[in-house]
Amino acid sequence: MTDFTPEQIEIIREAVGKGREAIRQSEKYDPLTFAKAFIGHDGIQIPGEPGNDRRRQWVAERLIASLERGKLTHDDTTVAREVSRAQTEARWTAAAESDKVVGFHLSLSAQSRTNPTCLATVNQDYGLGAAVIPKARIVVLPAVCDGSSFDIILEDEVEQ
């Protein structure tokens with residue numbers, strides 16, 4: 001599977017920040033709110049295809065439709081990735097409002113557990129223990145790590 005270019009990762013990271021900001025301002029913690037801001041800041045990226053604007057638009061339309069209907073409207077992996085990102089970011093932003101939440105633990109999906117790129121990602125330590133991402137940090141997972149998830153980590157659960 002082709003992955004995001006470094007430039008695409010930076011675009012996605014900035015768009016995630018804008019999406020989180022939109023959620024906080026709306027105080028609705030809604031994946032659709034995130035998705036609209038994310039799309040508006042070019043967050044939809046096709047792994048390894050930064051210039052594929054037609055495909056990005058197609059994915060954006062299906063992302064919005066999926067979130068509005070509450071279920072995937074297409075079995076495309078990029079659409080599924082973006083629906084998952086919108087749902088995860090809405091939960092992340094809501095949970096991060098609590099002072100007790102310090103970060104999120106990355107749990108790799110079954111298919112990601114043998115991938116060297118995903119294993120390297122899960123072994124990163126940002127100061128809270130391996131695979132624990134501080135709540136203010138924006139992480140863009142490689143496309144090969146699709147299906148992975150984040151669990152809330154409270155201040156008393158952090159490795160000392």
Side-chain angles (χ1 to χ4, degrees), residues 3-47 49-74 76-109 121-122 124-129 131-143 145-158:
D3 212 343
F4 300 111
T5 66
E7 294 81 12
Q8 286 178 300
I9 291 171
E10 190 53 38
I11 291 168
I12 295 167
R13 185 175 284 118
E14 289 178 21
V16 166
K18 296 297 185 181
R20 287 182 184 179
E21 183 180 319
I23 286 175
R24 282 191 295 273
Q25 288 178 352
S26 74
E27 297 180 356
K28 289 169 50 174
Y29 306 102
D30 173 48
L32 188 57
T33 301
F34 171 86
K36 288 177 179 178
F38 183 74
I39 291 166
H41 289 87
D42 295 327
I44 301 288
Q45 295 291 317
I46 309 305
E49 299 180 35
N52 195 338
D53 293 336
R54 236 176 82 171
R55 175 113 167 93
R56 290 175 53 225
Q57 181 62 36
W58 184 89
V59 170
E61 291 168 1
R62 274 133 196 94
L63 168 60
I64 296 297
S66 294
L67 293 174
E68 287 176 341
R69 293 184 183 136
K71 64 178 185 173
L72 277 175
T73 60
H74 201 281
D76 180 82
T77 57
T78 302
V79 173
R81 177 183 314 112
E82 297 307 341
V83 167
S84 177
R85 185 190 318 273
Q87 293 169 336
T88 297
E89 289 295 342
R91 282 191 307 272
W92 183 306
T93 305
E97 293 294 312
S98 170
D99 290 339
K100 293 183 182 211
V101 173
V102 295
F104 299 86
H105 181 266
L106 172 60
S107 297
L108 293 178
S109 64
T121 301
V122 82
Q124 289 183 333
D125 188 332
Y126 298 98
L128 299 173
V132 179
I133 306 0
K135 66 182 182 180
R137 189 172 191 95
I138 296 173
V139 173
V140 178
L141 292 179
C145 301
D146 282 355
S148 297
S149 61
F150 294 93
D151 301 308
I152 295 171
I153 299 295
L154 302 174
E155 60 189 354
D156 60 345
E157 299 173 315
V158 175

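For the single chain, residues carry numbers from 1 onward in sequence order.
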| Listed partners of E97 passing side-chain hydrogen bond (donor to acceptor under 3.5 Å, both in side chains), at least two apart |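 Counting only residues at least two positions away or on another chain, E97 forms no side-chain hydrogen bond (donor to acceptor under 3.5 Å, both in side chains).
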Not counting sequence neighbours, which residues clear side-chain hydrogen bond (donor to acceptor under 3.5 Å, both in side chains) with E49? List them please.
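Listed in chain order: N52.
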Does atom CG of D156 have more than 12 heavy-atom neighbours from other groups under 6.0 Å away?
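Counting other residues, nucleotides and ligands, CG of D156 exceeds 12 neighbours.
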Might you point out which heavy atoms bring [X] and [Y] nearest each other, and give the distance in Å?
X: V79; Y: L72; result: CG1-CD2, 4.0 Å
X: L128; Y: V102; result: CD1-O, 3.7 Å
X: Q45; Y: P50; result: OE1-CA, 4.2 Å

Say you draw a straight line from [atom1] of [X] to [atom2] of [Y]; how long is it, rounded to the nearest 0.5 Å?
X: D151; Y: R91; atom1: CG; atom2: CZ; result: 9.5 Å
X: L154; Y: S98; atom1: CG; atom2: OG; result: 7.0 Å
X: C145; Y: R81; atom1: SG; atom2: CZ; result: 10.5 Å
X: L32; Y: I39; atom1: CG; atom2: CD1; result: 8.5 Å
X: I153; Y: H105; atom1: CD1; atom2: NE2; result: 6.5 Å

Notebook entry, point to check: Taking only residues two or more places apart in sequence or in another chain, which ones pass side-chain contact (heavy atoms from CB on, under 4.5 Å) with E14?
Noted result: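 Expected list: E10.
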Between [Y] and [X], is there a side-chain heavy-atom distance shorter than 4.5 Å?
X: V132; Y: E157; result: no
X: W92; Y: I133; result: yes
X: L106; Y: S148; result: yes
X: F38; Y: V16; result: yes
X: Y126; Y: Q124; result: yes
X: F150; Y: L141; result: yes

Applying salt bridge (Lys or Arg N to Asp or Glu O under 4.0 Å), can you list everything that pairs with D30, at least two apart in sequence or on another chain?
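For D30, no residue satisfies salt bridge (Lys or Arg N to Asp or Glu O under 4.0 Å) once neighbours in sequence are set aside.
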Donor-acceptor check, side chain of [X] to backbone of [Y], threshold 3.5 angstrom: yes or no?
X: Q8; Y: I46; answer: yes
X: D3; Y: A143; answer: yes
X: R56; Y: I44; answer: yes
X: K135; Y: A96; answer: yes

Inset, instruction - Give the intermediate values and the outcome of side-chain contact (heavy atoms from CB on, under 4.5 Å) for residues I12 and R85. - result: CA-CA 11 Å; I12 295 167; R85 185 190 318 273; 3.6 Å; yes
> Are a donor atom and an acceptor atom from the side chains of E27 and Y29 found within less than 3.5 Å of each other?
Replying inline: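 Checked: E27/Y29 side chains show no N/O donor-acceptor pair below 3.5 Å.
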For residues 58-68, which side-chain N or O atoms pair as donor and acceptor with protein atoms under 3.5 Å away, sequence neighbours left out?
unit_1, atom_1, unit_2, atom_2, d
E61, OE2, Q57, NE2, 3.1
R62, NH1, W58, O, 3.1
S66, OG, R62, O, 2.8
S66, OG, T73, N, 2.9
S66, OG, T73, OG1, 3.1

Give the table of side-chain donor-acceptor pairs shorter than 3.5 Å for residues 18-25, with sequence neighbours excluded, one pair per line with atom names and distance.
unit_1, atom_1, unit_2, atom_2, d
R20, NE, E89, OE1, 2.6
R20, NH1, R137, O, 3.2
R20, NH2, E89, OE1, 3.1
R20, NH2, R137, O, 3.3

Query raised in the report: Does the distance from a Lys or Arg side-chain N to an Asp or Glu carboxylate O, for D76 and R55, drop under 4.0 Å?
Result: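 Result for this pair is yes, salt bridge flagged.
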